[in-house]
Number of protein chains: 2
Amino acid sequence: MNFETSYQLILDNVGRFIDLTELEKQKYISLLTEVKVKRKTFLMQAGDIAQYEYFITKGCLKVYTLDEDGAPHISMFAVEDYWTGDMASFMTKEPSRYFIKAKEDSELLGISRANYDLLFQEIPKFERFYRILYQKSLISYIRRSNHGISLTAEERYIEFKRKYPKTVNRITQKDLAGYIGITPEFMSKIISKVNRM
Amino acid sequence: MNFETSYQLILDNVGRFIDLTELEKQKYISLLTEVKVKRKTFLMQAGDIAQYEYFITKGCLKVYTLDEDGAPHISMFAVEDYWTGDMASFMTKEPSRYFIKAKEDSELLGISRANYDLLFQEIPKFERFYRILYQKSLISYIRRSNHGISLTAEERYIEFKRKYPKTVNRITQKDLAGYIGITPEFMSKIISKVNRM
DNA sequence: GAAAAAAAATGAACTAGTTTAAGACTTTTA
DNA sequence: TAAAAGTCTTAAACTAGTTCATTTTTTTTC
């Protein structure tokens, strides 16, 4: 993808919540870093300090941790038009416990911590953009953390399919199990049961 | 509690992230509504549209939903210096699925949706305040929704006790079970096991 | 396009957490 | 302050989800 196109994507995303002048758009874009990651390579690993927050313009990545037993727990699948990273590490500058690995060749736009801080000084309107972005994310995380605790694994799978019908086809059953919070074996059973219904 | 004191609490809370002039403080306070709720009464019920977001200056409330079987799922215990409400309903003006019930006589400061919108026009700095507030909440919800899925009930209980040692003593075991996501019977077993260790 | 590696399916034995029920203890209300 | 209502404990039978082991199918790599 040429960068014109990927800049257009991020400007459209920002444009949903705030209006920018041409000058502000140029300034904003000058603060971004273009990043490409090949399939099966890491954008970030546990132990790293998160240097960037990313906007995905192309591809698919998984964000996950490993528990003490080495079992993966997937916290999100990041696809086009999504923001990703480890915000806790990005803000505190402490080492992350997350891995971010590309499932497909992917293209991202990153903002460094220094530029993120600068952005608010240069274009204070971005406080509003992030206020609304975080507010919306918060609403969906609150819903997810309640659902996670009150629905059965089968219900969570049906919910995921309903909410992200395209993403289901881009990820393996094993990764979906890691997201839903069950073993791949049980995921397999659920899927064959749901398909039979 | 006199209102001087409760205003001081909310101004201190806001003051952690932004600096306000005396004039801005007065303006802000003029947008707030004082609310008292007696123990065992509701601040809000499922079906209501959330008219306010609340800051708690005194007391303890539980925020919960009921699932199809009528079983309660508690999403938070709100105590002094916390913010609460149903942000989804507050923003979209759609009916809430949450109940908020006082566990102790409580005092709150509410901001209505109209005043919340006005606040950003009058004191744009508040975009920054809420950007930071939501960002921090998001970080802790992301952590919680991952923990919820990867820890056992016993581990979640130990984690809760470590993180909110004071709150544990203000709520019943039954409510704690509703928060942890297990039955009161199993909560009872976990507590007697953990105390024996 | 063959070989190697990874993912998916299936089944049997197991465990964390639920359900139901009943009695003891504590708090609330009149 | 007695009665009622709610909370906590314990235990036995149950179910959703795990673990481990094996085979089949799909994807990746050279």
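Because only heavy atoms are used, hydrogens play no part in the values below, and waters and symmetry mates are left out as well, while side chains stay in.
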K.L.:
Ignoring backbone atoms, test whether A/Q173 places a side-chain nitrogen or oxygen under 4.0 Å from the OP1 or OP2 oxygen of D/dT26.
P.N.:
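No, outside the criterion.
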
K.L.:
Ring centroid separation for B/F90 and B/Y116, is it under 6.0 angstrom?
P.N.:
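Ring centroids of B/F90 and B/Y116 are less than 6.0 Å from each other.
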
K.L.:
Could you tell me the separation between the CD atom of A/E155 and the P atom of D/dA16, rounded to a whole number of Å?
P.N.:
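My rounded result for the distance is 11 Å.
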
K.L.:
Give the nucleotide from the list D/dC8, C/dG17, D/dG17 with an atom nearest to the side chain of A/T152.
P.N.:
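Closest of the options to the side chain of A/T152: D/dG17.
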
K.L.:
What integer distance in Å separates A/D175:CG from D/dT27:P?
P.N.:
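Atom-to-atom, A/D175 to D/dT27, this comes out as 14 Å.
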
K.L.:
Within this structure, what is the NZ-to-P distance between A/K193 and C/dA9, rounded to whole angstrom?
P.N.:
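Whole-Å distance recorded here is 16 Å.
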
K.L.:
Whole angstroms only, please: what is the CG-P distance between B/N195 and D/dC8?
P.N.:
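Interatomic distance, CG of B/N195 to P of D/dC8: 13 Å.
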
K.L.:
Give the rounded distance in Å between these two atoms: NZ of B/K38 and C1' of C/dT29.
P.N.:
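Taking NZ of B/K38 and C1' of C/dT29, I get 16 Å after rounding.
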
K.L.:
Can you tell which of B/K161, B/K163, B/R162 makes a salt bridge (charged side-chain N to carboxylate O under 4.0 Å, His left out) with B/E159?
P.N.:
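Checked B/K161, B/K163, B/R162 against B/E159; only one passes salt bridge (charged side-chain N to carboxylate O under 4.0 Å, His left out): B/R162.
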
K.L.:
Assert yes or no for the condition that the ring centre distance of B/F77 to B/Y164 is strictly below 6.0 Å.
P.N.:
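Centroid separation for B/F77 and B/Y164: 6.0 Å or greater.
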
K.L.:
Looking at C/dT18, I'd like to know if its phosphate oxygens (OP1 or OP2) sit under 4.0 Å from a side-chain N or O belonging to B/T183.
P.N.:
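Checking C/dT18 against B/T183, a side-chain N or O does come within under 4.0 Å of OP1 or OP2.
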
K.L.:
Is the distance between the ring centroids of A/Y130 and A/F120 under 6.0 Å?
P.N.:
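For A/F120 and A/Y130, the ring centres are under 6.0 Å apart.
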
K.L.:
For DNA chain D, whose closest nucleotide is more 5', that of B/K189 or that of B/K174?
P.N.:
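Its nearest nucleotide lies further toward 5', so the answer is B/K174.
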
K.L.:
For the pair made of CG in A/N169 and C1' in C/dA8, what is the distance, rounded to whole Å?
P.N.:
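A/N169 atom CG is separated from C/dA8 atom C1' by 16 Å.
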
K.L.:
Given that A/E185 and B/E185 both sit by DNA chain C, which one's nearest nucleotide is further toward the 5' end?
P.N.:
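In this pair, the answer is A/E185.
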
K.L.:
Under 4.0 Å: is that the gap between some side-chain N or O of A/K40 and OP1 or OP2 of D/dT29?
P.N.:
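A/K40 to D/dT29 OP1/OP2: side-chain N or O found under 4.0 Å.
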
K.L.:
Please verify the inter-ring angle class for A/F99 with A/Y64; under 30° counts as parallel, over 60° as perpendicular, anything in between as tilted.
P.N.:
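The arrangement is parallel - the two ring planes meet at less than 30°.
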
K.L.:
Between D/dC8, C/dG17, D/dT28, spot the one nearest the side chain of B/I182, thanks.
P.N.:
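Of the candidates, C/dG17 comes closest.
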
K.L.:
Whole-Å distance between D/dT9 P and B/I190 CD1?
P.N.:
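It works out to 12 Å between those atoms.
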
K.L.:
Please report the distance, rounded to the nearest Å, between CZ in B/F186 and C1' in D/dA12.
P.N.:
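My rounded result for the distance is 15 Å.
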
K.L.:
OP1 or OP2 of D/dC8 less than 4.0 angstrom from a side-chain nitrogen or oxygen of B/S188, does that happen here?
P.N.:
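So the side chain of B/S188 is outside the cut-off, no N or O lying under 4.0 Å from OP1 or OP2 of D/dC8.
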
